[in-house]
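Counting starts at 1 for both ligands and their atoms, in listed order.
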Amino acid sequence: MDDEFVFYRELPKVELHAHLNGSVSFQTMEKLMSRKPHLNIEHSMTAIGKGQRRTLDECFEVFKVIHKLVDTEEDILMVSKDVIREFAEDGVKYLELRSTPREEQRTGLTKKSYIDTIIKAIHQCKNEGLDIDVRLLVAIDRRNGMEVAMETVKLAEEFMLSSDGLVVGIDLSGDPTVGHGKHFLPALERAKNCGLKLSLHLSEVQSQREESELLLNLPPDRIGHGTFLHPEMGGSQSLVDKVVKNRIPLELCLTSNIKGQTVPMFSLHHFKYWYQLGHPTVICVSLFLLNQQCKVFQCSIRLNPLSFHLQTDDKGVFCTDLSQEYQLVASTFGLSQKEIWKLSQQAIDCIFAEDAVKQQLKKRWQDLHPQVFK
Ligand SMILES: CNc1ncnc2c1ncn2[C@@H]1O[C@H](COP(=O)(O)O)[C@@H](O)[C@H]1O
Ligand SMILES: [Zn+2]
């Protein structure tokens, strides 16, 4: 194994944007497919391989296929435990999973038992001694409308009170071209008022400017993607100002955006824009094109100490892991290992768990530093 590979694996990491059913690995898919051979589902229907891309619409079709494979408590337990184990093996020390509770009449699955089962998996992993702290965000799928959104928030509220700090927040996700965010405001406001944290997919596609303007007034505690917030991408300065004023962290998922074709190439990823808002530091940027050619050019980049963090989104569907995402950013934007360390450490301040957990994680990072930079 080369030193680079070892560095990124050993780098302690925080993962805050991981959709459970988008994070199912090839190996776990294999087990699910053998449980349900009659569905005739193949790997090409559940994952987007190296060098491949899909429209965002096609990505959402992929999730429908995966949902067919994961429709019993037994499936959810296995998937959750495998995903947690895989993140732990990848060096993730703190993980916030997110998932949309579903009910399946055929298998007797209810939304409550769906969440209960994920919580059971988190406990079992803890009892196995896995070195990872896992929390859960309950997701609202935009496609299901405002009434379901309100139900979801009420359910999350119950779990927040009964799960001993495991359920920490709400995610708003699903096909961004469906529905308008204004319909979800009452549910999101309720969530916020009862103490649930909010992570909202915002401006993932163009034409959501008005919606983002509205939802940023909540304000959310974190933003997923935010690809089209800034003026160069058809957003606006007023959107950027709101994000900066409220110091709202962005969760950035590079591979997801490239494979889902909302960003044409890594070098044009909005990572760069948000980086440019910080301290003045000129560094060298290398640009990876999708056909794996590599070009190098100079670019003025200023470090931003607070606003964004690298995440996987759907590590199974997009065939990536968090170590790869860090490595990708380092190679695309020319960041040193020290800067990468800082990036992973800064993510601790954006977690939704209580302050005591942040302090523990900061101590872990301190303790692990000599081992990673040996
Ligand atoms: C690619 N960008 C994305 N944008 C918006 N929502 C996404 C997403 N990727 C995943 N999801 C949301 O997560 C669900 C799958 O996991 P769960 O069944 O909830 O665990 C998808 O159905 C979608 O609602
Ligand atoms: Zn997402």
With nothing but distance in play, are any N or O atoms of [X] less than 3.5 Å from an N or O of ligand 1?
X	value
Asp175	no
Glu204	yes
His19	yes
Arg143	no
Gly174	yes

Which residue and non-hydrogen atom of the protein lie closest to atom 20 (O) of ligand 1, and at what distance in Å? Ser99 OG, 2.7 Å
For atom 15 (C) of ligand 1, the protein heavy atom that lies nearest, with its residue and separation: Phe63 CD2, 3.7 Å
Backbone or side-chain N/O/S of His201 under 2.8 Å of the Zn ion (ligand 2):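 Yes, His201 qualifies, because one of its backbone or side-chain N, O or S atoms lies under 2.8 Å.
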N, O or S of Cys253 under 2.8 Å from the Zn ion (ligand 2):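 No, since none of the N, O or S atoms of Cys253 sits under 2.8 Å from the Zn ion (ligand 2).
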Parallel, tilted or perpendicular: which one describes the rings of [X] and [Y], with boundaries at 30° and 60°?
X	Y	value
Phe26	His43	parallel
Phe271	Phe333	parallel
Phe60	Phe63	tilted

Here the pair of heavy atoms bringing Val167 nearest to Val138 is CG1-CG2, 4.0 Å
I'd like to know if [X] pairs up with [Y] as an ion pair, taking the criterion as any Lys NZ or Arg NE/NH1/NH2 lying under 4.0 Å from an Asp or Glu carboxylate oxygen.
X	Y	value
Glu232	Lys272	no
Asp313	Lys259	no
Asp321	Lys13	no

Under 4.0 Å, heavy-atom basis, I'd like to know which part of [X] is in contact with ligand 1: side chain, backbone, both or neither.
X	answer
Asp141	side chain
Asp313	side chain
Arg102	neither

What N/O/S atom of Asp313 gets nearest to the Zn ion (ligand 2)? OD1
Does the Glu325 side chain pair with the main chain of Leu254, one donor and one acceptor, at a distance under 3.5 Å?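 The answer is yes, because a donor-acceptor pair under 3.5 Å joins these two groups.
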State whether the side chain of Gln52 and the backbone N or O of Gly49 hold a donor-acceptor pair below 3.5 Å, judged by distance alone.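 Yes, the answer is positive, given that a donor and an acceptor are paired below the 3.5 Å cut-off.
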